[in-house]
Amino acid sequence: MEPISLFQNKHIVLGIAGGIAVYKVADLASKLTQAGAQVDCVLTESATKFVAPLTFAAVTGRAALTDADLWRHDLHVPHVSLGESADLIIIAPATANTLAKLAHGQADNLLTVTTLAARCPVVIVPAMDGGMWSNAATQANVATLRSRGIRVIGPAIGRMASGLSGEGRMVEPMDILGFIRVVLAEGGSLAGRKLVVTAGGTHEAIDPVRFIGNRSSGKQGFAIAQAAIDRGARVTLIAGATALATPFGAERIDVESAQEMRDKVIEACRDADTLIMAAAVADFQSAHTADQKIKKTKDTVEFEIKLVRTPDILQAVKEQRDRIEKPKVVIGFAAETQNLIDNARAKLTSKGLDLIAANDVSATDAGFAVDTNRVTLLDAGGGVEPLPIMSKVQVAERVLDRMAALLG
Ligand code: CTP
């Protein structure tokens, strides 16, 4: 996992109660550490029956704490210092017993006493048998915790260790990570801003089974959406064809054709601060979409499809923007295989953009489907900023830095 800006210099206390999902939490601790957070694991006694503290120490590179540490004379009131210095406390898995203790302010182990002493946001990830979860006592405890501002994610529905299916499974580590990002991003530099981001390629139907598509993977647009969420923005992600998972917290709208993407973009832009068009929109669509699958005969040796232009979405945005002055900032991407700068500058001007990221898609280490990109940022004021080869996540950060400056 690549380092994530949001996690740099963040101190996270990961409280671990005793449930079978503990083995998955070792992966969560590892991911948080790889993302750049300083992770202190605090295990209850029953958690240590499932997985040894050593596992957590190994993946975080820091001592994993247990109740024995509460009474150590060489650590100065560890629960207070942990609770005070944490940017976030996350309790995963949170068992019915630990939920009950927290709801009643009980503080009989290092995990509960640390949580009681904390001033930072607290996230709880319940995991237990379905019957225990639906029990009125547990539900009342969770409601109490929620009413005090504690965030709860899950539990999910599915198979549990008992072999039964129901609501009680711990949410998967990647989703917990996404949830944590949203909580840590609150009050970030883009809080209160709405961004519309497009990503992926469009599909233009020829008949019910065939389409015209392109090689876009959606990676750059999804990285921008995630990076904006990490800065606290509200993000509408309008996605064409892509296999990528939705960044947690994004409002995702799936579209197929350029026409459909145009309609959704125009609607979403009405109250947006920024549009970032990272999608690879088809320029042509079939003049006629057949209702039935087009068949060949034994004599068919050639087949022609007449293509007509699709709407230019950025042109349509420009027209709406001239009327309603929204979005304030519009950023495009230019996919080029030659004359990169000249072609991109022409697009910037004709589409009325504030910034364009010019992309040489003929390079093997940049553009479609790979994880890296090399772009040059051109602005409406004539500025040219060539960026070195970097990950699409890093490109996203640079584009957002420029966008933030344009938003003012
Ligand atoms: N774009 C758009 N609507 C289209 C085609 C492209 O809004 N019908 C947007 C893209 O999302 C991108 C920018 O316009 O942000 C430039 O896209 P690109 O494919 O590089 O250029 P085109 O305008 O399609 O021009 P050409 O294909 O001739 O290079």
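The figures here come from the full heavy-atom set of this structure, side chains too, leaving out hydrogens, waters and symmetry mates. As the structure lists them, so they are numbered: ligands from 1, and atoms in each ligand from 1. Keep in mind it's a predicted model, so treat the numbers as computed, not measured.
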- prompt: Are side-chain N/O atoms of E397 and S5 paired as donor and acceptor at under 3.5 Å?
  reply: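 On atom types as modelled, these side chains qualify, holding a pair under 3.5 Å.
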Give a yes-or-no answer on whether the side chains of D263 and Q259 include a donor-acceptor pair shorter than 3.5 Å.
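Yes, Q259 and D263 have a side-chain donor paired with an acceptor closer than 3.5 Å.
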Could you tell me if the side chain of L14 sits less than 4.5 Å from the side chain of V25, heavy atoms only?
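In short, these two side chains touch, coming nearer than 4.5 Å.
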Within reach of ligand 1, part of [X] (heavy-atom separation under 4.0 Å):
X	value
Q315	neither
K351	side chain
I313	both

Review point. Does an N or O from A335, backbone or side chain, lie closer than 3.5 Å to an N or O of ligand 1?
Key: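 Indeed, backbone or side chain, A335 has an N or O that close.
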query = Hey, is ligand 1 close enough to A334 that some N/O pair sits below 3.5 Å?
reply =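 There is no such contact.
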Show me which atoms of ligand 1 lie under 4.0 Å from any heavy atom of [X].
X	result
T310	8 (N)
G332	15 (O)
D312	2 (C), 3 (N), 4 (C), 7 (O), 8 (N)
M277	7 (O), 11 (O), 12 (C), 15 (O)

Can you report which non-hydrogen protein atom sits closest to [atom], along with the distance?
atom	answer
atom 24 (O) of ligand 1	D283 OD1, 2.8 Å
atom 12 (C) of ligand 1	F333 O, 2.9 Å
atom 7 (O) of ligand 1	L314 N, 2.9 Å
atom 11 (O) of ligand 1	A279 O, 2.9 Å

Is [X] reaching over with its side chain to a backbone N or O of [Y], donor-acceptor style, under 3.5 angstrom?
X	Y	result
T48	E45	yes
T138	S134	no
R234	E251	no
T198	A279	yes
T33	A29	yes

What I want to find out is whether R309 reaches D283 closely enough, with some N-O distance under 4.0 Å, to be called a salt bridge.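 Salt bridge absent between R309 and D283.
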- Query: Which one of R309, K347, M261 has a non-hydrogen atom at the shortest distance from atom 25 (O) of ligand 1?
  - Reply: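 Checking each option, the heavy atom nearest atom 25 (O) of ligand 1 is found in K347.
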Review point. For atom 8 (N) of ligand 1, which candidate among A258, A280, P311, A199 provides the closest heavy atom?
Key: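 Of the listed residues, P311 has the closest heavy atom.
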*Looking at atom 29 (O) of ligand 1, is any protein heavy atom nearer than 4.0 Å to it?*
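Under 4.0 Å from atom 29 (O) of ligand 1, at least one protein heavy atom found.
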M174, CE: over 12 other non-hydrogen atoms inside 6.0 angstrom: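 Incorrect, the count does not exceed 12.
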